[in-house]
K.L.:
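The structure is given below, and queries will be raised subsequently.
If you're wondering where the values come from, they're calculated on a predicted model, not measured in any experiment.
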Amino acid sequence: MSKISAPGSLHPRRRPSVPLRQRSAAPIARRQVLLHGQRVTFLEAGADSGGPVVVLLHGLASSSQTWSSVMPHLGRHAHVIAPDLLGHGRSAKPPTGDYSLGAYAAGLRDLLVTLDLDPATIAGHSFGGGVAMQFAYQFPELTERLVLVASGGLGQGVTIALRAATLPGTPLVLQALAALTSPWLAMVVHRTVRAVPVLPGPDLEGLASAFTSFADGGARGAFAQTVRGALNWSGQRLEGTERLYLLAEVPVLLVGGGRDPVIPVEHTVAAHDLLPNSSLQIFEGAGHFPHAEQPGRFTELLTHFLADTRAARSDLRSLRHRLQASAGLPSSADDPSPAAAPSEGPLVCPLGVTTSHLGSTTTVRRSSRPGVSDHEE
């Protein structure tokens with residue numbers, strides 16, 4: 001069962017009459033939906049852009065707000081939603097919730113289907129990158145493209161702070177830290193650390209946001225459960241590199257920060273080597289939040305990626321072919337190879353690039369949905 005909050009309606013999607021590159025920044029609305037009895041909140045922008053659906057997934061102890069500097073500009077060219085994952089932000093934080101990668105991927109599937117926004121381009125930052133990969137593995141038919149930003153799941157190495165979070169007593173330690181971090185102390189520490197150029201600003205802001213969220217007991221519990229499922233003292237427990245070959249037909253964009261102190265940028269580079277058809281961009285000088293540190297560059301990069309690639313068109317047959325090839329088995333003779341998505345007419349990219357690579361599968365279906373709020377962020 002699902003229920004979307006706030007009575008109202010949205011009109012069916014239509015292509016804008018104003019050229020995309022002339023459009024102003026898109027407003028951001030915060031929305032809420034009940035899925036399986038649990039509250040799921042998300043930010044939305046560009047519902048009337050006429051562009052493809054793009055989902056932005058945040059990392060551990062973060063929220064949809066990490067994308068707030070990207071969404072107004074990206075929303076001019078795409079229909080963007082950024083959910084608060086279960087246990088994060090304003091979404092529910094059930095003490096008995098399933099905080100595994102598979103459950104997060106299934107929850108995202110349910111959200112997109114409920115909103116009639118499938119298929120989509122899935123972008124994930126840090127732990128959200130792991131969720132994005134899991135989503136692509138579990139639901140290839142719903143994945144048009146994949147964008148991994150300073151992504152987890154591409155190697156074992158990770159900062160010692162996250163490894164320490166796997167130790168017993170983590171919720172109690174987080175509670176003590178949250179209690180010590182009063183608004184006044186947080187402000188002083190924030191300004192002091194900013195004066196010493198050790199970490200980029202967005203990294204510091206992400207750290208401050210995480211400590212603030214730990215004041216919520218539900219968030220602390222969700223964080224501890226999620227970390228223990230994904231990490232151990234040695235590093236990341238879950239590594240998706242052995243299944244990257246399943247993404248061979250999916251356009252993949254890899255983005256890393258050259259000074260990432262949390263996840264080694266070498267993980268991103270190594271993943272690019274395993275995916276010869278992928279695109280790689282390293283933001284030199286950026287930390288663990290390259291999208292927040294350089295939002296204009298990131299938005300331009302993602303906009304070009306959407307315009308210059310064809311949406312994947314995967315199904316059970318294409319998955320079977322890849323798995324059989326990996327296992328050294330002959331492909332089923334009665335399963336024709338999947339065809340690439342046909343292209344429509346030329347589309348003018350908002351950055352002035354003309355392309356005809358946006359296939360019909362990127363045209364988003366949006367039926368009228370009762371009960372969607374229209375509050376702007």
K.L.:
Side-chain contact test, heavy atoms from C-beta onward, threshold under 4.5 Å: evaluate it for S126 versus L60 and give yes or no.
P.N.:
no
K.L.:
Let me confirm one number: the CZ-CG distance from R39 to D84, rounded to the nearest 0.5 Å.
P.N.:
9.5 Å
K.L.:
Identify the heavy atoms of L247 and A136 that sit nearest to each other, and give their distance.
P.N.:
CD2-CB, 3.7 Å
K.L.:
Treating Q281 as the side-chain partner and G256 as the backbone partner, does any N or O pair qualify as donor plus acceptor under 3.5 Å?
P.N.:
no
K.L.:
Does the pair L112 and I81 meet the rule for a side-chain contact (heavy atoms from CB on, under 4.5 Å), with working shown?
P.N.:
CA-CA 10 Å; L112 292 178; I81 68 167; 3.8 Å; yes
K.L.:
Relative to the ring of F283, is the ring of F298 parallel (under 30°), tilted (30 to 60°) or perpendicular (over 60°)?
P.N.:
perpendicular
K.L.:
Any side-chain heavy atom of Q134 within less than 4.5 Å of one from Y104?
P.N.:
no
K.L.:
Mind listing the closest non-hydrogen atom pair of N277 and A248 along with its distance?
P.N.:
ND2-O, 4.4 Å
K.L.:
Would you please say whether a donor-acceptor pair under 3.5 Å links the side chains of T41 and R90?
P.N.:
no
K.L.:
Which heavy atom of S63 sits nearest to which heavy atom of G89, and what is that distance?
P.N.:
CB-CA, 3.9 Å
K.L.:
Can you tell if the side chain of L85 reaches within under 4.5 Å of the side chain of H58, non-hydrogen atoms only?
P.N.:
yes
K.L.:
Please name the pair of heavy atoms, one in A26 and one in G46, separated by the smallest distance, quoted to 0.1 Å.
P.N.:
CB-N, 4.0 Å
K.L.:
As an exercise, state the distance from OH of Y99 to NZ of K93, rounded to the nearest 0.5 Å.
P.N.:
8.5 Å
K.L.:
Is T114 close to V33 at the side-chain level, that is, under 4.5 Å between some pair of heavy atoms?
P.N.:
yes
K.L.:
Test your reading of the model: is there a side-chain donor-acceptor pair from H88 to the backbone of L86, 3.5 Å cut-off?
P.N.:
yes
K.L.:
Distance check, rounded to the nearest 0.5 Å: S314 atom OG versus L246 atom CG?
P.N.:
9.5 Å
K.L.:
Taking all atoms of both residues into account, what is the closest heavy-atom pair of I122 and A132, and its distance?
P.N.:
CG2-CB, 3.6 Å
K.L.:
Would you check, one step at a time, whether the test salt bridge (charged side-chain N to carboxylate O under 4.0 Å, His left out) holds for R322 with E249?
P.N.:
CA-CA 10 Å; R322 291 193 292 274; E249 297 174 6; 3.2 Å; yes
K.L.:
Measure the spacing between CD of Q65 and CE of M71 and express it to the nearest 0.5 Å.
P.N.:
9.5 Å
K.L.:
Could you tell me the separation between the NE2 atom of H272 and the CG atom of L280, rounded to the nearest 0.5 Å?
P.N.:
5.0 Å
K.L.:
Over 60° means perpendicular and under 30° means parallel, so classify the ring planes of H125 and H288, tilted if in between.
P.N.:
tilted
K.L.:
Quick one: does any side-chain atom of D273 pair with a main-chain N or O of P276 as donor and acceptor, under 3.5 Å?
P.N.:
no
K.L.:
Heavy-atom distance under 4.5 Å between the side chains of T309 and L253, does that happen here?
P.N.:
no
K.L.:
Is R259 close to E284 at the side-chain level, that is, under 4.5 Å between some pair of heavy atoms?
P.N.:
no
K.L.:
Are the side chains of L323 and Y245 in touch, meaning some heavy atoms are under 4.5 Å apart?
P.N.:
yes
K.L.:
I would like to know whether H79 and S49 meet side-chain hydrogen bond (donor to acceptor under 3.5 Å, both in side chains); could you show each step before the answer?
P.N.:
CA-CA 6 Å; H79 184 174; S49 66; over 6 Å; no
K.L.:
Do V269 and L244 land in one hydrophobic cluster if side-chain heavy atoms of ILVMFWY residues count as linked below 4.5 Å?
P.N.:
yes
K.L.:
Got a sec, which residues hit ring-ring contact (aromatic ring centres under 6.0 Å, His included) with F139, two or more places apart in sequence or on another chain?
P.N.:
F135
K.L.:
Given M133, which partner from the list L101, L146, T241, V252 fulfils the side-chain contact (heavy atoms from CB on, under 4.5 Å) test?
P.N.:
L146
K.L.:
Between Q32 and V40, is there a side-chain heavy-atom distance shorter than 4.5 Å?
P.N.:
no
K.L.:
If you apply the rule side-chain contact (heavy atoms from CB on, under 4.5 Å), what do you find for L302 with L74, and how did you get there?
P.N.:
CA-CA 8 Å; L302 182 50; L74 185 59; 3.6 Å; yes
K.L.:
Go through the steps for L142 and R109 under the test side-chain contact (heavy atoms from CB on, under 4.5 Å), then give the verdict.
P.N.:
CA-CA 8 Å; L142 302 181; R109 185 273 315 270; 3.5 Å; yes
K.L.:
Donor-acceptor check, side chain of T299 to backbone of P295, threshold 3.5 angstrom: yes or no?
P.N.:
yes
K.L.:
Side-chain heavy atoms nearer than 4.5 Å, only ILVMFWY residues, links allowed to pass through others: does that put L154 and L274 together?
P.N.:
yes
K.L.:
Verify whether one side chain among T66 and H291 offers a donor that lies under 3.5 Å from an acceptor in the other.
P.N.:
yes
K.L.:
To the nearest 0.5 Å, how far apart are OG1 in T143 and CG in D118?
P.N.:
10.5 Å
K.L.:
Grab the two heavy atoms, one from G130 and one from S151, that are nearest each other, plus how far apart they are.
P.N.:
N-OG, 3.8 Å
K.L.:
Go through it in stages, so that I can follow the logic: the residues are R313 and S318, the test is side-chain contact (heavy atoms from CB on, under 4.5 Å), and I'd like the CA-CA distance, side-chain angles, deciding distance and then a yes or no.
P.N.:
CA-CA 9 Å; R313 197 177 188 178; S318 62; over 6 Å; no
K.L.:
What residues, two or more places apart in sequence or in another chain, satisfy ring-ring contact (aromatic ring centres under 6.0 Å, His included) together with H73?
P.N.:
none
